Amino acid sequence: MRAKIAAGNWKMNGTAAALSELDALAALLPATPPTVVLCPPAPLLYRASEAARAHGIAIGAQDCHMDASGPFTGDISATMVADTGASHVIVGHSERRDAHEETNSDVRAKARQAWAAGLTAIICIGESGDDRAANNTLDIIAGQLAGSLPDGATATNTVIAYEPIWAIGTGKVPTLAEIIDVHDFIRTRLCARCGATEGDGIPLLYGGSVKPDNARTIFKAANVDGALVGGASLKASDFAPIITALSQS
Ligand SMILES: O=C(CO)COP(=O)(O)O
């Protein structure tokens, strides 16, 4: 059975005071929770890891550099992320592809660094609103997946997050049929690329305006193994019902 994962991406939100949400979330978790991965801003990684350990919550970074070390002022390597106690790192989020002009090959290099540091890479892909309007969604997804995924992906070192850009922070969500279409397509491509065992075992997350009131519907899709949640992961009272919905799916 594939791992179910509820990942929360805090983006550039939260200072030390926000760590109280972690304790609040732990208190609201269902009896048998899925894997919960919280991805706070980099300055909070160490403290979040310390606080999360007792609760069985995993911590992830939101990015890492594509090189192992060197003269990259302000950047953070995958090894440094692992050193904080984190176990995951998001790579290729559309906000980084856009604002930092990250390419598929950059994302692939970051995923490789993540693996070398012993981290699980959460690789993000997703089409723009224009891509979808032009019926290009599956072509875009195929290209991003082929280009961003290094050879050697396994069910334990990789998670794929499908995040349609037009659904992020907008309150717009694809129909269940559209989500099923894309997730089934990604699954088929993963099996062709990584072999049936690993391809079938890599968890696929949906991301983009996941909220307590739509999570249950989204989790009905057979190839949706969880969610990458932005805004609704900031408050334990919003994130917990999403996690509960996943545990019951
Ligand atoms: O980008 C996202 C998670 O990485 C999704 O953000 P929202 O859940 O706020 O739409």
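Counting convention: from 1, in listed order, for ligands and their atoms alike. Predicted model only: the values in this text are computed from it and were never measured.
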[atom]: which protein heavy atom is closest, and how many Å away?
atom: atom 9 (O) of ligand 1; result: G231 N, 2.9 Å
atom: atom 2 (C) of ligand 1; result: E163 OE2, 3.2 Å
atom: atom 8 (O) of ligand 1; result: G230 N, 2.9 Å

[X]-ligand 1 polar pair, N/O distance under 3.5 Å:
X: E95; value: no
X: S209; value: yes
X: G169; value: yes

Does some non-hydrogen atom of G208 fall short of 4.0 Å from ligand 1?
-> yes
Can you find a non-hydrogen atom of K211 under 4.0 Å from ligand 1?
-> no
Identify, by atom number and element, the atoms of ligand 1 in contact range of L228, meaning under 4.0 Å from any of its heavy atoms.
-> 3 (C), 4 (O)
[Y] versus [X], side-chain donor and acceptor atoms under 3.5 Å:
X: E127; Y: Y162; result: yes
X: H93; Y: E102; result: no
X: T154; Y: N157; result: yes
X: D131; Y: T137; result: no

For ligand 1, the portion of N9 having any non-hydrogen atom under 4.0 Å away |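 Only the side chain of N9 comes within reach of ligand 1.
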Would you call R193 and E198 a salt bridge, taking side-chain N to carboxylate O under 4.0 Å as the test?
-> no
If you measure from the Lys or Arg side-chain nitrogens to the Asp or Glu carboxylate oxygens, is any gap between D238 and K211 under 4.0 Å?
-> no
Joint hydrophobic cluster, Y206 plus L145, side-chain heavy atoms closer than 4.5 Å | yes
